[in-house]
Amino acid sequence: MDLAEVPEKAWACLHAGETSSAELVITRHTTEGDPVVNRYLTGSDIAGIEVVVDSTADSFGPKDVTTWACTDLNAALELLGCRHV
């Protein structure tokens with residue numbers, strides 16, 4: 001799935017969850033069709049947005065789960081300037 005295909009309402013819901021909590025799960029598929037799951041998390045105990053990338057089902061990938069701390073949604077979308085936690 002291309003991130004441009006994610007409805008604006010989904011991003012707005014995630015943003016609204018910064019004071020309580022929210023989670024947006026997006027599954028993209030590799031060229032071979034294997035799923036890579038991205039979980040975008042916000043909440044009062046999270047500074048910015050946390051991104052959890054699960055590539056354990058990717059036959060040709062690293063088969064791991066990584067967590068990133070990002071300052072905002074723009075950084076989180078490309079993991080630019082995000083810190084690995």
Side-chain angles (χ1 to χ4, degrees):
M1 167 181 274
D2 183 350
L3 291 177
E5 296 174 24
V6 177
E8 187 60 37
K9 285 183 179 183
W11 297 118
C13 182
L14 183 70
H15 180 67
E18 291 174 352
T19 57
S20 55
S21 65
E23 177 180 11
L24 175 61
V25 179
I26 298 175
T27 302
R28 296 196 220 179
H29 292 86
T30 65
T31 303
E32 297 80 23
D34 297 329
V36 175
V37 179
N38 287 13
R39 296 175 52 224
Y40 298 87
L41 307 160
T42 59
S44 58
D45 60 335
I46 298 172
I49 295 181
E50 193 170 277
V51 182
V52 179
V53 180
D54 182 347
S55 63
T56 56
D58 183 357
S59 301
F60 298 96
K63 297 187 187 318
D64 60 10
V65 177
T66 54
T67 302
W68 301 88
C70 304
T71 55
D72 57 38
L73 181 58
N74 289 329
L77 293 177
E78 298 296 327
L79 298 178
L80 294 175
C82 298
R83 179 177 49 86
H84 185 260
V85 289

*Asks:* Tell me, do Thr66 and His84 make a side-chain contact under 4.5 Å, heavy atoms counted?
*Replies:*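 Thr66 vs His84: side chains touch.
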*Asks:* Is there a continuous path of hydrophobic side-chain contacts, each under 4.5 Å between heavy atoms, that joins Trp68 to Ile46?
*Replies:*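 No: no chain of side-chain contacts under 4.5 Å links Trp68 to Ile46.
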*Asks:* Do the side chain of Lys63 and the main chain of Ala57 share a donor and acceptor less than 3.5 angstrom apart?
*Replies:*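 Looks like no, no N/O pair under 3.5 Å.
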*Asks:* Please say yes or no: joined through hydrophobic side-chain contacts below 4.5 Å, possibly via intermediate residues, are Val37 and Leu14 part of one cluster?
*Replies:*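 Result: no, two separate clusters.
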*Asks:* Rounded to the nearest 0.5 Å, how far apart are OG1 of Thr56 and CG of Asp64?
*Replies:*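 So the gap between those two atoms works out to 8.5 Å.
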*Asks:* How many angstroms lie between SG in Cys70 and CG in Leu79, if you round to the nearest 0.5 Å?
*Replies:*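 With rounding to 0.5 Å, SG (Cys70) is 5.5 Å from CG (Leu79).
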*Asks:* With a 4.5 Å heavy-atom cut-off, do Thr67 and Glu50 have their side chains touching?
*Replies:*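 Yes - at least one pair of side-chain heavy atoms lies under 4.5 Å apart.
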*Asks:* If I compare all heavy atoms of Ala22 with all of Gly17, which pair ends up nearest, and what's the gap?
*Replies:*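 For Ala22 and Gly17, the tightest heavy-atom pair comes out as CB-CA, 3.8 Å.
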*Asks:* Considering residues, nucleotides and ligands other than Glu32, do more than 12 of their heavy atoms fall under 6.0 Å from its CD?
*Replies:*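 Correct, the count exceeds 12.
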*Asks:* According to a hydrophobic-cluster definition based on side-chain heavy atoms being under 4.5 Å apart (Ile, Leu, Val, Met, Phe, Trp, Tyr only), do Val51 and Val36 belong together?
*Replies:*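 Yes, it is one cluster - the side chains of Val51 and Val36 are joined through contacts under 4.5 Å.
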*Asks:* Any chain of hydrophobic side-chain contacts (each under 4.5 Å) joining Val25 to Trp11?
*Replies:*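 No, separate clusters.
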*Asks:* What are the two closest heavy atoms between Ala10 and Leu24, and how far apart are they?
*Replies:*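 Nearest heavy atoms, Ala10 then Leu24: CB-CD1, 3.9 Å.
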*Asks:* Any chance you could measure Asp34, atom CG, to Thr27, atom OG1, to the nearest 0.5 Å?
*Replies:*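 Here the rounded value is 12.5 Å.
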*Asks:* Would you give the length of the straight line joining atom CZ of Arg28 to atom CG of Asn38, rounded to the nearest 0.5 angstrom?
*Replies:*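 That separation rounds to 5.5 Å.
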